[in-house]
Chemist: 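Please read through the structure below; I'll follow up with questions.
Numbered from 1 within each chain, the chains take letters A, B, ... in sequence-line order. These numbers come from the heavy atoms of this one structure, side chains and all, not from hydrogens, waters or symmetry mates.
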Amino acid sequence: MRFAGKMRSGVKTAAMLGAVAAASMLILARGGVHAAPAIPDPHSVMADPDQARIDYVENCGGCHGVAGDTVPAHLPELAGRVGWFMCTPEARAYLIRLPNVAHSRIKDNAELADMMNYVVFVLGKGTAPVGTAPFTADEVARERKLALTNKNLTAERLRLANQLVQQCHAPASIRQLYITEKPGTAQ
Amino acid sequence: MKSAAQNFRLSAALRFAAATALGAVALVSASAHAGTVSTEPEESTVNSIPAPKPSWFFVQRGFVLPGTAIYDSATGKYVAQIETATLGDLAIDPNGKYYYSAETHWTRRIHGTRQDYISVYDSTTLKFEGDIDIPGRILVGGREHNFIVSDDGKTGYIYNFSPVSSVNIVDFAKRKFVKSFELPGCADLILNPGVGLAALCSDGSLAAIDLTGGKVDITRTDPFFSATTDPIFDNVQYDKAKGQVVMMSYTGLVYTAKLGAKPTVGAPFSLQEAAGLRKAEAKPLDLNWYPGGGQPTALHRASGHLFVLMHAGEYWTHKDGASEIWDVDLAARKVVKRIAVEGHPTVLNVTQEASPKLIVVAEGEGQGAGSGFAGTAQVIDPATGEIKHSIKDAGSGLVQLAN
């Protein structure tokens, strides 16, 4: 339970900083300063945080990195960013409708919801808006049937990223695959 | 006539040399050319090889070892090596003129600027002719359907996953990248004559990819397999003459799909039932005969015989090496022969000759499946089960053929 212990100490820090999280996001929008992490208690968003992390490492970590950190590889950086996608209903649904999530070998919807909550709340490091409701089994069951198999995913991601910038004041770099990616190389 | 004493002295002086055949030759050579030692410098020459023959097979040296060795199954002899890269993909021009190697390198070994490209080699001199830059490719070697060439040899298709599942199209006549298109949720590229491509998808369907118009049109069959409980091995068998693809699932269900704009998938049959055994189940600890390996099936197209690497084991042992090769008559849906093999081979192919030869590769004992060390290749006559040739340190990766 070393991991859970670590998480809890992280949560204390997050809780202390939680009060200023909204203000920090405002700063982020205006000045580009990173939001203070506001990670909810893992047990409040996951039934089994350990299993969720194991599932992430096994099913996603090979490409996305065990800590969601893959810069400068040409793929979406999750760490400290992915939570923004919880900001609009469409972007939130997109995370579950991605073919590799929707068609995941994890068939148990509650288990997949846990894993995706690990992604957005733990790897996202406080980028999910304060008060964001975690994914539920019902929501995953519904959205995974609508896998994005007939859309250009690059264009869809950019459309949603623009939405996050406009509606949620996400940093403009959310349009890119990772923050330091040279503009124009984002697909 | 030499005396016994002279003979003794000669023998004593040259006893080490004379003990070897080489020494004996040197002795004869020295006396034949005594006083006429040549000072001419030796001319270095480079041999050329013929266009690929139906009896040749191409073995990737290994998952971690670069290079693809060419052997002739008729003689068991090494022919040449193509300089494919670690985690590269080899494609062979169907017209026999070129070898294409899809590779990825960074300017500073494992960091720096990433470069993805196809190197073109002349098939007779193996001379490097140039590169075709492409915008990306999946970094997985040892798979047959990540880099395929159209039947006329004019177009190459390279599967890409950076970061969206997509396909790069290359014009080999112009040696230029043409375009890429996204293929969300599908992989494993298959030629689809008159249409473009087909691919296997994670929802259990087969996609038809229409490349005849300006816009790429992707349609899918209804799901027919479960990518979770009973996936299909990626080494599906494409048969241009019959316009079909033969697929094998982890539990040994054999599917045949008619290709076209709207592919149709026929009802599968169980490999075990075709051998008079109980059908395998997709459940833990189910003991049965299962297909397994990195390249477990090979189709002899003219006769319609499918060869499969089989092992006795549990469900979900699809990477295990084989103890038998099953010879399946696809039309009759019967396993007509079971050939015992040694060394637990994980890689199989069959030449398309009238009297085909099976090629299997077994990685070295004690090194572990998938270790990437070069193992032993065996050439087996499927009619008799006889091992015609055994080649040590041949490779451990994919076995490919020119046709």
Chemist: Ignoring hydrogens, what is the shortest heavy-atom contact between B/Glu182 and A/Lys151? Give both atom names and the distance.
Modeler: OE1-O, 3.9 Å

Chemist: Please flag which part of A/Leu153 lies under 4.5 Å from any non-hydrogen atom of chain B: side chain, backbone, both or neither.
Modeler: both

Chemist: Which ring-ring contact (aromatic ring centres under 6.0 Å, His included) pairs, counting each pair once, include a residue from residues 191-214 of chain B, with sequence neighbours left out?
Modeler: none

Chemist: Name the region of B/Arg114, side chain, backbone, both or neither, that has any atom closer than 4.5 Å to a heavy atom of chain A.
Modeler: neither

Chemist: Name the option with the most non-hydrogen atom pairs under 4.5 Å to chain A; the candidates are B/Ala207, B/Ser202, B/Gly185, B/Pro231.
Modeler: B/Ser202

Chemist: Between atom CG of B/Asn160 and atom NE2 of A/His74, what is the distance when rounded to the nearest 0.5 Å?
Modeler: 8.5 Å

Chemist: Is it the case that atom NZ in B/Lys179 sees more than 12 heavy atoms from other parts of the structure closer than 6.0 Å?
Modeler: yes

Chemist: Please determine, among B/Ser226, B/Gly204, B/Pro184, the option with the most heavy-atom pairs under 4.5 Å with chain A.
Modeler: B/Pro184

Chemist: Could you check whether any side-chain heavy atom of B/Pro163 comes within less than 4.5 Å of a side-chain heavy atom of A/Leu177, counting everything from C-beta outward?
Modeler: yes

Chemist: In terms of heavy-atom proximity below 4.5 Å to chain A, should B/Phe161 be classed as side chain, backbone, both, or neither?
Modeler: side chain

Chemist: If you round to the nearest 0.5 Å, how far is CZ of A/Arg105 from OG1 of B/Thr229?
Modeler: 8.5 Å

Chemist: Taking non-hydrogen atoms and a cut-off under 4.5 angstrom, which of residues 90-103 of chain A neighbour chain B?
Modeler: A/Pro99, A/Asn100, A/His103

Chemist: Working to the nearest 0.5 angstrom, can you tell me the gap between B/Leu139 CG and A/Cys63 SG?
Modeler: 9.0 Å

Chemist: Is it the side chain or the backbone of A/Lys107 that comes within 4.5 Å of chain B heavy atoms, both, or neither?
Modeler: side chain

